[in-house]
There are 2 protein chains.
Amino acid sequence: MTRATIKDVSRVAGVSIKTVSRVLNKERYVSDDMRQKVEEAVARLNYHPSQAARTLAGRRSFQIGLIHDNPSPYYIFNMQAGVGQRCREADFRMIVQPCDINSPGLVDDIGALIDQAQLDGFIMTPPVTDVGTALAELFRRKIPVVRVQPGTDLTATSAVYIDNVQAADDMTAYLISLGHRRIGFVTGHGNYFASGQRLTGYRQALQRAGIGFDAALVFPGQFDFQSGTAAAEALLTLDQPPTAIFASSDDMAAGVLAAAHRLGVAVPDQLSVAGFDDTDLAQVVWPSLTTIHQPIRDLGYAAADLLLEFGETIERRQLPHKLVVRGSTAPPRT
Amino acid sequence: MTRATIKDVSRVAGVSIKTVSRVLNKERYVSDDMRQKVEEAVARLNYHPSQAARTLAGRRSFQIGLIHDNPSPYYIFNMQAGVGQRCREADFRMIVQPCDINSPGLVDDIGALIDQAQLDGFIMTPPVTDVGTALAELFRRKIPVVRVQPGTDLTATSAVYIDNVQAADDMTAYLISLGHRRIGFVTGHGNYFASGQRLTGYRQALQRAGIGFDAALVFPGQFDFQSGTAAAEALLTLDQPPTAIFASSDDMAAGVLAAAHRLGVAVPDQLSVAGFDDTDLAQVVWPSLTTIHQPIRDLGYAAADLLLEFGETIERRQLPHKLVVRGSTAPPRT
DNA sequence: TAACGATAAGATAACGTTGTCATACGCGAG
DNA sequence: CTCGCGTATGACAACGTTATCTTATCGTTA
C-alpha cells in the first residue's frame with residue numbers, strides 16, 4: 001500500500017484535481033456538493049497532502065522557524081509549547097533551531113534554514129532578537145518576523161513582550177510594602193535587554209518610596225544559579241547587609257537561597273528572597289519563591305499568532321505579568 | 001533577488017544539472033575537477049537546495065520525527081539537544097511533535113505527520129515508546145524507528161537505554177555502604193517502565209546486603225514534586241522512620257527535601273535523600289542532591305545516530321549511568 | 001585488437017501539488 | 001435579448017529537485 005495522492009482523491013470523488021486542491025485550501029467558489037464529495041473521499045482514503053509538493057508548487061511552506069540561544073530548558077520548553085500549539089491550530093509546522101549568538105556562522109545558518117525550508121515566518125527569542133546582523137538578513141529576505149521581548153529596533157518587527165520595568169517595580173514595591181528598606185538586587189546577563197529593564201524597575205520603585213539607591217546593593221549576575229550564590233555571599237557579608245534580595249531570575253534566587261542556607265541565614269525570617277520568571281524551580285526549592293510570573297507559553301502562542309494573523313504587518317502585543325507571593329518573603333525582623 | 005536554483009549553479013559552473021546534483025549528494029563517479037567547479041559556484045551563489053524539491057523528487061526527506069509526551073522540560077530540552085546535534089551533523093532536520101498518549105487521535109496524528117512530512121525515521125521517548133497502537137502504525141508504514149528506554153517489545157525496534165536496574169542498585173548499595181539499613185523508596189509513574197526497573201534495583205541491592213524488604217518503606221509516586229512531599233510526610237511519620245529516602249526522580253527528591261525542611265528534619269544529618277536523573281534541579285536545591293546521572297543528551301544523540309547509521313536494521317545501545325555524590329547524603333546518626 | 005567493465009557526464013521524465021488561464025453557467029441591468 | 005459580472009469547474013504548465021536511461025571515454029583483459 002502506497003500513500004494516497006490528490007489524484008486518487010479526485011478519482012474517488014469524481015472531480016478534478018484542482019477542485020480537490022480548492023477544498024483542501026478552503027478556497028472560495030466551491031459548491032457544497034463538491035466539497036462534501038471531496039471530504040468523503042479524503043476521509044475514506046485517509047489522505048494527507050504532501051508537504052513537499054505543496055511547498056514546491058505553492059508560494060507557502062506552512063512552516064515557521066523558531067530560533068533560540070537560551071540555556072533555560074524551562075523557557076525553551078514553554079516557548080515551544082506555545083508556538084507549537086498555535087501552529088497546530090493553523091496546520092502549520094514549527095521548525096526549531098538552536099543557535100549560538102557568538103558563532104560567526106549564525107547569519108549564514110539562518111539564511112540556509114530559510115532557503116532550504118522556505119519558511120513562511122520567523123520567531124526570535126532573546127537574546128537572538130537583538131543580533132543586528134541576523135535581523136538584517138531576515139529583512140533582506142523579506143520574511144515576516146516576530147520577536148519575543150526584543151531590546152533593540154523595537155518598531156522594526158512585530159513583537160510580544162511583558163513590561164519588565166513594571167514587573168520589577170511591582171516586586172520591589174511589594175518588598176518595600178513588607179517593610180524592607182535595604183533591598184539587594186541581582187542583575188541579569190548583559191546580553192539580555194530585559195536585564196537593564198528590571199534594574200530600572202527596581203530603581204523606580206525605590207525612588208518612588210523615597211529610598212536612596214545604593215550601588216553596593218546591586219550585584220551583577222548572569223541569570224544562573226552560580227550568580228545567585230556569589231551575589232548572596234557578597235551581599236550578606238556587607239557591613240550593612242540587606243534584609244531582602246531581589247534576584248532577577250529564579251535560578252539566581254535559588255542560588256541566593258542555597259547560599260543563605262549554607263551561611264545559616266534563615267529565609268524568610270532573617271532574609272527575604274524574591275525571584276523572577278516563575279519557572280518550575282520556584283515551587284521546588286525551599287522555601288518556595290515569591291516571584292514574578294512571566295507567561296512564557298502565552299508569549300509563544302501570541303508570537304505565532306501575530307505571525308499567522310498579520311504576516312508582514314507590524315503588530316505589538318504586551319502580555320500581563322503577575323506577582324506571585326510564596327514562602328520566601330516576609331516582613332524584616334524588627 | 002530571488003533564490004538561486006540548481007539550474008543557476010549548473011550555468012555558473014558550466015556543467016549539467018545532474019552533475020551538480022551528484023556533487024550535492026556526494027555520489028560516486030564525479031571527477032575532482034567537476035566537484036571543485038560546482039563547489040565554487042555553490043559558494044559564490046550562496047546556494048541552498050530546496051528541501052521541498054528534494055523530498056518530492058527523491059525518496060528521502062532528510063527529516064526525522066521526535067515524539068514525546070513527557071512533562072519534564074529538562075528531559076525534553078536535553079533530548080532535543082542530542083537529537084538535534086546529530087541531525088545537524090548529517091544535514092538532517094528534526095521535527096518535534098509533542099503529543100498526549102491518552103488522546104484517541106494519537107495514532108492518526110502520527111500517521112498524518114509521517115505522510116505529510118515523509119519522514120525518514122522516527123524517535124520515540126517514554127512513555128510513548130510503549131503505546132502498542134502507535135508502534136503498530138509505524139510498522140505498518142515500514143519506517144525506521146528508534147525508541148529511548150522502551151519497556152515493551154524490546155526487540156521490535158532499535159533502542160537506546162541505560163541500565164535502570166543497575167543504577168538503582170548502585171544508589172541503594174551506596175546508601176547501604178554509608179550505614180543505612182532502613183531506606184525508603186519512592187517509585188515513579190506507572191506509565192514508565194523504568195519505574196518498575198528502579199524498584200527492582202532497589203530490592204536487589206537490599207537483598208544482596210541481607211536487608212529484608214519492607215513494603216511499608218515503599219511509597220508510590222508519579223515522578224513529580226508533589227509525590228515527593230507526600231512520600232516524605234508518610235515515611236517520616238512511621239513508627240520506625242527510614243534514615244534515608246531514595247526517590248526515583250530528582251523532582252520527587254526535591255519534594256522530600258522540602259517536606260523535611262518543613263518538618264524540621266535536617267538533611268543530611270538526620271535524613272539522607274537521594275534522587276535519580278541528575279537534572280538541573282539536583283544542583284539547585286539545598287542541599288544539592290546525590291543522584292544518578294542519566295545521560296539524556298547522549299541518549300538523544302545515540303538514538304539519532306542509530307536511525308541515521310542503521311536505518312531499518314535493529315540495533316541496541318546501552319549508555320553508562322553514573323552515581324553522583326553531593327551534599328544530601330551522609331552516614332546515619334548513630 | 002576487440003570486448004568489456006568502471007568511470008564520468010548529460011538528457012529527460014518523473015515527483016504531487018498550486019498557479020494561471022480557459023470555459024461555462026446563471027442572473028440582473030440596460 | 002444581450003451584455004457583463006460573480007460563481008463554479010477543469011486543463012495544463014510550473015515548481016526544483018532526483019531517478020532512470022543513455023552516451024562517451026578510458027584502461028584492462030582475453
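Throughout, protein chains are lettered first and strands after them, A, B, ... in sequence-line order, and every chain is numbered starting at 1.
As rounded to whole Å, 17 Å separates atom C1' of dG10(D) from atom CZ of Arg11(A). Rounded to a whole Å, the NZ atom of Lys7(B) is 11 Å from the C1' atom of dC15(D). Remark: P of dT7(D) and CE of Met34(A) are 17 Å apart, rounded to the nearest angstrom. Taking atom CZ of residue Arg54(A) and atom C1' of nucleotide dA14(D), one finds them 17 Å apart after rounding to whole Å. To the nearest angstrom, P of dT17(C) lies 14 Å from CG of Asp91(A). The nearest whole Å value for the distance from the NZ atom in Lys18(B) to the P atom in dC21(D) is 12 Å. In this structure, Arg28(B) atom CZ and dA6(C) atom C1' are separated by 9 Å, rounded to whole Å. To the nearest angstrom, P of dA8(D) lies 13 Å from CD of Glu27(A).
Between Ala53(B) and Ile17(A), the residue whose closest nucleotide on DNA chain C is further toward the 5' end is Ala53(B). Nearest-nucleotide positions on DNA chain C place Arg35(B) closer to the 5' end than the other of Arg35(B) and Ala52(A).
Counting only N and O atoms by type, the side chains of Glu89(B) and Tyr301(B) include a donor and acceptor under 3.5 Å apart.
Proximity of a side-chain donor or acceptor of Asp69(A) to a complementary backbone N or O of Val128(A) within less than 3.5 Å is not detected.
When distances run from any side-chain atom of Leu56(A) to the nucleotides dT18(C), dG16(C), dT9(D), the shortest one goes to dG16(C). Of all nucleotides listed (dA14(C), dT18(C), dA9(C)), dT18(C) comes nearest to the side chain of Ala57(A). When distances run from any side-chain atom of Ile6(A) to the nucleotides dG16(D), dT17(C), dG10(C), the shortest one goes to dT17(C).
Relative to the six-membered ring of Phe62(A), Arg54(A) meets both conditions, a distance below 6.0 Å and an angle of at most 45° to the axis.
Of all heavy-atom pairs spanning Ile67(B) and Leu106(B), the tightest one is CD1-CD1, 4.5 Å.
Contact annotation: Ser21(A) reaches the phosphate of dT18(C) (side-chain N/O to OP1 or OP2, under 4.0 Å). Contact check, Thr19(A) against dT9(D): no side-chain N or O comes under 4.0 Å of OP1 or OP2. Taking 4.0 angstrom as the limit, Tyr29(A) places none of its side-chain polar atoms (N or O) nearer than this to OP1 or OP2 of dA8(D). A close approach under 4.0 Å does occur between a side-chain nitrogen or oxygen of Ser31(A) and OP1 or OP2 of dT9(D). Side-chain nitrogen and oxygen atoms of Ser16(B) include at least one within less than 4.0 Å of the OP1 or OP2 phosphate oxygen of dG10(C).
Heavy atoms of Arg60(B) sit nowhere under 4.0 angstrom from any nucleic acid atom. Leu24(B) comes within contact range of no nucleotide atom at all, as no heavy-atom separation falls under 4.0 Å. As judged by a 4.0 angstrom heavy-atom cut-off over every strand, Arg22(A) is placed among the base-contacting residues.
Counting only heavy atoms from C-beta outward, the side chains of Gln85(B) and Gln80(B) never approach each other to under 4.5 Å.
The pair Asp8(A)-Arg3(A) does not count as a salt bridge, with every side-chain nitrogen at least 4.0 angstrom from each carboxylate oxygen.
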